2 protein chains.
Amino acid sequence: MDCYAGCMEQVSTVCPSSDERVALFALLLDTNARLSRSFALRLEENCAMPLAWFEVLLQLRRAPEGRLRMNQIAEAIVHSTGGTTRLIDRLERAGLVARELCPTDRRAIYVAITTPGNVQLDEALRVHMDYLEEHVSSRLTCDERSALAGLLSKLNESR
Amino acid sequence: MDCYAGCMEQVSTVCPSSDERVALFALLLDTNARLSRSFALRLEENCAMPLAWFEVLLQLRRAPEGRLRMNQIAEAIVHSTGGTTRLIDRLERAGLVARELCPTDRRAIYVAITTPGNVQLDEALRVHMDYLEEHVSSRLTCDERSALAGLLSKLNESR
DNA sequence: GACAAATAATTGCATGAGCAACTATAATGC
DNA sequence: GCATTATAGTTGCTCATGCAATTATTTGTC
C-alpha cells in the first residue's frame, strides 16, 4: 500500500503482467539464472566442480569450525534435506567433506570440510574471483555493489 | 580494479571467501533461491501451476502477438532448447499454449498462449500480486524497488 | 544451382532434486 | 518412568532439466 500514486503502478486487475513489482521479480529470476548458469559453466570447465559443491564448501569454510550439521547445510543452500543427503554423499565420495558423529545428539551428523576440500575450494575461489571481476566488478561500482547487497538483504529478511 | 582502497577489500590470495563480491554473489543466489522457492510453493498450492509454466506464460503475454518461437522462449527463461521442448510439450498437453507453424521458416515453431492459458495466467498473477505485496512491497519502498531494478539491470547487461 | 555451414527443434540418455515415507533418537507431558 | 510428539537424517520414487546426437531447413559460397 505504499506510494501507489508516486509510482504510477497499474491497478492489478487491469494489467498486472506489466506491474513494476512483477517486472522486478522477473528481473531477479533472470539475473540469477544468467549469472549462476554462466558461473556454473565456468566452474565446471575450470575445476570440474558443480556449483552446488562450491556452495556447500563455501558454507563450510564460513562456519565456525569448518563444519555444519546436515540440516544447517540444507537451510543454508536452500535444498531439501533429502537432496542434501545425496549431495553430501557425492561430496564425501569425492573426499572433499567428511561426516562426523555428534557426541551430544546421536541423530545429528556433522559435515566437515577436509584438506582436499579446502584445496579444491581455494582453486574454485580463484576461478570465482576472476569471474566476479569480469561480470560484477566491471558492471557495478563498489558503491553500487554495497547498495545492491543492502537491498537484497532487506528483500531476503525472514519475518 | 575500482576503489580497492575505499572498500577495504581483501586481497584475493588471503581470504577470498569473505570478499565483499563473493558475499554479494552468494547473497544473490540465496535471495533468489528463497523467493523463488516460496513463491513456487504458493503457486503450486493455489493454482497447481509450476513456476516454469508461469514464467513461460508471462513471457508469452509480454510478447508482441502473444507468441514466441521456441528458441526465444529458451533464451527468455534461460533453459536449454531441449528442456524447453519438453516444457512446452507439457504446457501444450495442458492446453495452455499451442504450437503454430511459421510460414516463412519451416524449421521454426511459434508457441502461442491460448484462451485457457490466459485465464490461468490471470489467476496466477493474482496469486503473484498477493505474494509480492507480502514479500516485496512490505520490505522495500517504491524507491528501493526501482533502485534494485536498476542495479540488477546493470548486473544483467550482456556484453 | 550444388555443396557446405549454420540454425531450429526434437529425442535418448543420464542425473540431480523434491516429496513422502521411514528409522532412529531426543524432548515433552502426564 | 512411560507414552507421545518432535526432530535429524536417509531412502524409494518420480520428474524436470541439461547435454550431445539427430533431423530438417535455411543461408552462404563458389
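Predicted model, so just to flag it, every value in this text is computed and none were measured. Throughout, protein chains are lettered first and strands after them, A, B, ... in sequence-line order, and every chain is numbered starting at 1.
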Round to the nearest Å and state the distance from [X] atom [atom1] to [N] atom [atom2].
X      : N      : atom1 : atom2 : answer
B:I73  : C:dT10 : CD1   : C1'   : 14 Å
B:L101 : C:dA8  : CG    : P     : 16 Å
A:L51  : C:dT15 : CG    : P     : 19 Å
B:R69  : C:dT10 : CZ    : P     : 12 Å
B:R107 : C:dT10 : CZ    : P     : 13 Å
B:N71  : C:dA6  : CG    : P     : 17 Å
A:R99  : D:dG9  : CZ    : C1'   : 9 Å
B:I109 : D:dT26 : CD1   : P     : 12 Å

Give me the ring orientation class for B:F39 and B:Y131: parallel if the planes are under 30° apart, tilted from 30 to 60°, perpendicular past 60°.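 Plane angle between 30° and 60°, so tilted.
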
Kindly indicate whether the side chain of A:T84, heavy atoms from C-beta on, has any atom under 4.5 Å from the side chain of A:I88.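 A:T84 reaches A:I88 side chain to side chain.
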
Taking the side chain as every heavy atom from C-beta outward, state whether A:H79 and A:L87 have any pair of such atoms under 4.5 Å apart.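 Touching, per the 4.5 Å side-chain cut-off.
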
Should the pair A:R67-A:E100 be classified as a salt bridge under the 4.0 Å nitrogen-to-oxygen rule?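 Result for this pair is yes, salt bridge flagged.
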
Please determine whether a side-chain nitrogen or oxygen atom of A:R106 lies at a distance below 4.0 Å from atom OP1 or OP2 of C:dT23.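 For A:R106, the contact criterion (side-chain N or O under 4.0 Å from OP1 or OP2 of C:dT23) is not met.
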
OP1 or OP2 of C:dG18 sitting under 4.0 Å from any side-chain N/O of B:R37?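 So the side-chain polar atoms of B:R37 do come within 4.0 Å of the phosphate oxygens OP1 or OP2 of C:dG18, strictly under.
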
Quick check for you: among [options], whose closest atom lies nearest to any side-chain atom of [X]?
X     : options                : answer
A:R86 : C:dA17, D:dG12, D:dG18 : D:dG12
A:S80 : C:dA9, D:dG9, C:dG18   : C:dG18
A:L87 : C:dA17, C:dA26, C:dT10 : C:dA17
B:R90 : C:dA26, D:dA16, D:dG9  : D:dA16

Drop me the distance from B:D130's CG to B:H135's NE2, to the nearest 0.5 angstrom.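 The CG atom of B:D130 sits 11.5 Å away from the NE2 atom of B:H135.
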
Let me know, please, whether B:D105 or B:G83 comes out on the 5' side of the other along DNA chain C by nearest nucleotide.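 So the residue in question is B:D105.
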
